[in-house]
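Some notes on the structure that comes next.
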Amino acid sequence: MQPRLTTTISILSLSTVTGITTVITGIIPQLKRTFPTVPTTLIEWLVTIANCSALITLLLNPRLTSRWGLRPIVISGLLISAIMGLIPAITTNFTVIMVSRLGLGLGVGLFSPHAISLLTHSFTGDLRARLLGYQTGLSALGNAILLGLAGLLISLSWHAVFWLYGLLVIVAGGVACFVPEPTVPSTTTNHARTEKTQLPRHQWTLLGLTFITYLLIWGVQLKLPSYFSAHHFGNAATINLTLAAMNIGGLLAGLTFGYLYRYLHRFTLTLGYAGAAISVLVLWLASNATVAIGAAVFFNFIYSYTGPYLVFTSNTGLEQSRPTWAADAHRQRSHLDYAHFRWLSLDYRQPSSTKGSLINDQ
């Protein structure tokens, strides 16, 4: 029997806040004015350091969930993120803000991967496939809404933007009240035979390319507020709304990826990279805000075709070689799924004959 509607909503609500570390990206110019003696690079690290520290708890997550359970880890991660995220709302000490962002990342690394794993553990069949599709859209949509709200709150002060982290308490409450501890299916293990599979070299190449591609899209979004501020392309609200529109553009790319892939196949990657290069050139040469905003949104739209293609291609052929004996493989895969699905616009609406293995993991 499938979970109740309240459980489904509570699990999907996790997807709307997986990108909450980036909600302060648009207030970088205000932070530069508040802390004029702090280098710009260090201020930009307020956004980046949360993602770096999240890697620590992301790697420790399998051990933590094995010992304490998935549900307590998710709730703890949400509450830690909420507390750490709210601290900058009540202080102007840059060191304290930096430390709190470090703690925020540790909390995010606890709950973010389970936006995927809770779906794979709690649902089965076609419903799980559909919900995984909704998850990708909700992640991009949630990030866009958060950035839009940040654009409204910045009119009060940059401190007000950090109050958005209070939403994590609501999400934690939903998980605590409506989401039971999932039962991970166990499989019989032949202790006499334990085999380990190696990731093919081709997949390692694609993984490296995916990492570089993510760094490029992340770098553009991180530098965009400073670029808009230096060229007087709008105020803080304009920057945040542009970032929100970029996420919507990425979402649209995810929704149309399957249709485009049917016609272009491997040239989908070429289109993504070439289109992104052209849009960055237009953005660099832009003489007014309208052209700059349009180029930024188009960049995120066209470049977001690369992520689904790389993930889909990297998963091709892996299902047949996946060992069926290891119960831990399912949990580890959930964390790998998160790393892929964190792409702003990733969508698994591939042609049905070649659908990726992630949504077929039973």
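By convention here, the first residue in the shown sequence is residue 1. The basis for the numbers below is simple: all heavy atoms, side chains too, and nothing from hydrogens, waters or symmetry mates. This one's a predicted model, so the numbers in the text were calculated from it and none came from an experiment.
Looking only at side-chain heavy atoms (C-beta outward), Phe299 and Leu283 stay at 4.5 Å or farther from each other. Two residues are said to be in side-chain contact when any heavy atoms from C-beta on lie closer than 4.5 Å; Leu269 and Leu209 meet this criterion. Within the 4.5 Å cutoff, the side chain of Ile11 has no heavy atoms near those of the Phe178 side chain. Looking at heavy atoms from C-beta onward, Tyr259 lies out of side-chain contact with Leu264 at the 4.5 angstrom threshold. The side-chain heavy atoms of Phe162 and Leu86, taken from C-beta on, include no pair separated by under 4.5 Å. Annotation: side chain of Ser122 is not in contact with side chain of Arg128 (no heavy-atom distance under 4.5 Å). In this structure, the side chains of Leu167 and Leu146 come closer than 4.5 Å at one or more pairs of heavy atoms. For the pair Leu168/Leu79, no side-chain contact is recorded, criterion being any heavy-atom separation below 4.5 Å from C-beta on.
When every heavy atom of Leu222 is checked against every heavy atom of Pro225, the shortest pair comes out as O-CD, 3.4 Å. Scanning all heavy atoms of the two residues, the minimum distance from Leu241 to Gly148 falls at CD2-CA, 4.1 Å. The minimum heavy-atom distance between Asn247 and Ala144, with the atom names listed, is CB-CB, 3.8 Å. Residues Leu119 and Leu131 share a closest heavy-atom pair of CD1-O, 3.8 Å. When all heavy atoms are compared, the tightest approach of Thr91 to His159 is O-CE1, 3.0 Å. Closest non-hydrogen pair, Leu118 versus Phe123, comes out as O-CD1, 4.4 Å.
In this structure, Leu64 CG and Thr57 OG1 are separated by 8.0 Å, a value rounded to the nearest 0.5 Å. Atoms OG1 and CG, on Thr8 and Leu127 in that order, are 6.5 Å from each other to the nearest 0.5 Å. The distance from atom CD1 of Ile116 to atom NE2 of His114, rounded to the nearest 0.5 Å, is 11.5 Å. Interatomic distance, Phe211 CZ to Leu216 CG, rounded to the nearest 0.5 Å: 10.5 Å. The structure places CG of Leu110 at 13.0 Å from CH2 of Trp68, a figure rounded to the nearest 0.5 Å. In this structure, the separation between CG on Leu104 and OG on Ser81 is 5.0 Å, given to the nearest 0.5 Å.
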When you look at Val280 and Phe298, which way does the side chain to side chain contact (heavy atoms under 4.5 Å, CB included) test go after all the steps?
CA-CA 9 Å; Val280 168; Phe298 181 75; over 6 Å; no
Ile239 and Ile27: side chain to side chain contact (heavy atoms under 4.5 Å, CB included), yes or no, with the steps?
CA-CA 8 Å; Ile239 295 172; Ile27 67 171; over 6 Å; no
Evaluate side chain to side chain contact (heavy atoms under 4.5 Å, CB included) for Ile73 paired with Phe111, printing each intermediate quantity in order.
CA-CA 7 Å; Ile73 292 299; Phe111 76 81; over 6 Å; no
Apply the test side chain to side chain donor-acceptor pair (under 3.5 Å) to residues Ser279 and Tyr303: give CA-CA distance (whole Å), side-chain angles for both, the deciding distance (0.1 Å), then the verdict.
CA-CA 9 Å; Ser279 60; Tyr303 199 49; over 6 Å; no
If you apply the rule side chain to side chain contact (heavy atoms under 4.5 Å, CB included), what do you find for Ile145 with Leu141, and how did you get there?
CA-CA 6 Å; Ile145 292 174; Leu141 184 61; 4.1 Å; yes
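Identified under the salt bridge (Lys or Arg N to Asp or Glu O under 4.0 Å) test for residues 205-234, with sequence neighbours left out: Glu44-Lys223.
Listed for the Thr34 side chain is a donor-acceptor partner under 3.5 Å among the backbone atoms of Gln30. In this structure a side-chain-to-backbone donor-acceptor pair under 3.5 Å is present from Ser13 to Ser10. Although no hydrogens or angles enter the test, the distance criterion places a donor-acceptor pair under 3.5 Å between the side chain of Ser100 and the main chain of Ile97. A distance-only check finds a donor-acceptor pair linking the side chain of Asn300 to the backbone of Met246 [under 3.5 Å]. Put simply, the side chain of Thr120 gets close to the backbone of Ser117: a donor and an acceptor are under 3.5 Å apart. Put simply, the side chain of Asn51 never gets that close to the backbone of Thr21: no donor and acceptor are under 3.5 Å apart. The backbone N or O of Pro180 lies less than 3.5 Å from no partner atom in the side chain of Arg71, so there is not a single donor-acceptor pair. Thr16 places no side-chain N or O within donor-acceptor distance of the main-chain N or O of Gly142, the cut-off being under 3.5 Å. Looking only at distances, a side-chain donor or acceptor of Arg101 sits under 3.5 Å from a matching main-chain atom of Leu46. Without hydrogens or angle criteria, Glu181 side chain to Gly69 main chain gives no donor-acceptor distance under 3.5 Å.
The same ILVMFWY cluster, assembled from side-chain heavy atoms under 4.5 Å apart, contains both Leu42 and Leu31.
For the residue pair Thr238/Asn235, the side-chain donor-acceptor check at 3.5 Å is satisfied. Residues Tyr305 and Thr256 have side chains that bring a donor and an acceptor to within less than 3.5 angstrom of each other. Side-chain contact check for Ser139 and Thr18: at least one donor-acceptor pair (N or O, by modelled atom type) lies under 3.5 Å.
Ring pair His231/Phe233 is parallel by interplanar angle, where below 30° counts as parallel and above 60° as perpendicular. A tilted orientation is assigned to the rings of Tyr261 and Tyr309, their planes being inclined by 30° to 60°.
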